[in-house]
There are 2 protein chains.
Amino acid sequence: MTQKGFRGPQVCSIVGISYRQLDYWARTGLIGPSLEVAKGSGSQRVYSYTDLVELKVIKALLDSGVSLQSARKAVECLRGDLKQDLASASLVFTGSKSILAFSGEEVVDLLQGGQGVLAEVFNIVPLKGFIKELQSSIEKLDFDSTRSVHEPRSLIPKT
Amino acid sequence: MTQKGFRGPQVCSIVGISYRQLDYWARTGLIGPSLEVAKGSGSQRVYSYTDLVELKVIKALLDSGVSLQSARKAVECLRGDLKQDLASASLVFTGSKSILAFSGEEVVDLLQGGQGVLAEVFNIVPLKGFIKELQSSIEKLDFDSTRSVHEPRSLIPKT
DNA sequence: AGACCAAACTACAACCTTGTTATTTAGGTT
DNA sequence: AACCTAAATAACAAGGTTGTAGTTTGGTCT
């Protein structure tokens, strides 16, 4: 049994974004479906759980007022680290760099700039709450009547 | 002697923004000249020091990737507090609220959400470094040959 | 094979922000 | 009063992002 995949409209529901946004982000290279790309109209994109984490972070950044262009840069550092325990991490980014901090002390160090005086703005994304929400949304989906990837129709209750 | 004022082009030089930006921000109500509004083409806007602090913060937010619309909301909380010592404060804002924190502990508390698990992004602006830069830029201006507000021409060296 | 449906694709509008260029005009000097 | 300069004003284009509506087509079922 391979990794569980999520199709486009499911992803929108889980993460809380519009289909237009998801499509635009996939087309402009921000984040696409890592399990399966689309083969044309009528086919399906298939996203992984880790794609969903990343999308959730992007959405969070947008909600906090960060522009999509900056969110693009910020999530880059999530891509090499998704094997570690993200729920205990915080993404910290400024205009010029972004890193994952794995302790509250690390975050405080960054804020204080090692006792220097930096003219810098910090955007901090504690991942715990977002991952919790994401998992809750995924569980909720299991009870919904919407289709999973390439699921036979006859097994779906009528809506 | 009234408060020192700064004219439009000086402000752009001090804060590090384009004239177009300053003009747009004044016209769209983000921040305008608190000492004197423009009386038409050929006249001068006159900005105060506190206007400059605010502009510097807005610029910093833009540089960190925050959208102008969000920066508008974020700086609102500076407006009631400019009589206190800003250099020891940090502006902290999320998508939904913004406050000034006057100690590092206060900032850490906000990040930890009082031990709750919040799904929230924090944008943190430690003001010290920005105010330092601003003051440095203003001092540098005093040696420049550019005109101050309504300054007689004959006192200006030829450029 | 044909019918159907869901998902991707396409095209355009709207909005926000900034850059560029040209025009207007307040304020200072002679 | 005439002239000059700097600063504000006006107009338009461009880029990025999202919403809306219509079209195409892969995949499933009969």
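In what follows, chains carry the letters A, B, and so on, assigned in the order in which the sequence lines appear, proteins first and then strands, with residues in each chain numbered from 1.
Look at CD on E36(B): it is 11 Å from P on dA8(D), rounded to the nearest Å. When the P atom of dA26(C) is taken as reference, atom CZ of R45(B) falls 15 Å away, rounded to whole Å. Going from atom OH of Y19(A) over to atom C1' of dA6(C) covers 10 Å, rounded to whole Å. The distance between atom CG of D23(B) and atom C1' of dT23(C), rounded to the nearest whole Å, is 14 Å.
For G42(B) and A38(A), each mapped to the nucleotide of DNA chain C holding its nearest heavy atom, the one lying further toward the 5' end belongs to A38(A). Map S41(B) and G40(A) each onto its nearest nucleotide of DNA chain D; the residue landing nearer the 5' end is S41(B).
K39(B) has a side-chain polar atom (N or O) that falls below the 4.0 Å cut-off from OP1 or OP2 of dG27(C).
For E120(B), there are no salt bridge (Lys or Arg N to Asp or Glu O under 4.0 Å) partners at least two apart in sequence or on another chain. Partners of E133(A) under the side chain to side chain contact (heavy atoms under 4.5 Å, CB included) rule, at least two apart in sequence or in another chain, are K56(A), A119(B). Not counting sequence neighbours, the partners of Q135(A) by the side chain to side chain contact (heavy atoms under 4.5 Å, CB included) test are Y49(A), I131(A). In this view, V108(B) and V108(A), Q112(B) satisfy the side chain to side chain contact (heavy atoms under 4.5 Å, CB included) rule, not counting sequence neighbours.
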Are any protein N/O atoms closer than 3.5 Å to N/O atoms in nucleotides 17-20 of chain C? If there are, list each pair with its distance.
unit_1, atom_1, unit_2, atom_2, d
dT17(C), OP1, Q69(B), N, 3.3
dT17(C), OP2, Y24(B), OH, 2.8
dT18(C), OP1, Q21(B), NE2, 3.3
dT18(C), OP2, W25(B), NE1, 3.1
dG19(C), OP2, S18(B), OG, 2.9
dG19(C), N7, R20(B), NE, 3.2
dG19(C), O6, R20(B), NE, 3.0
dG19(C), O6, R20(B), NH2, 3.3
dT20(C), O4, R20(B), NE, 3.4

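The side-chain contact (heavy atoms from CB on, under 4.5 Å) test with L127(A) is passed by exactly one of L100(A), V53(A), L134(A): L100(A).
Residue Y19(A) shares its hydrophobic cluster (ILVMFWY side chains chained together at separations under 4.5 Å) with no other residue.
Applying the 3.5 Å distance criterion, the base of dA26(C) shares no donor-acceptor pair with the side chain of S43(B).
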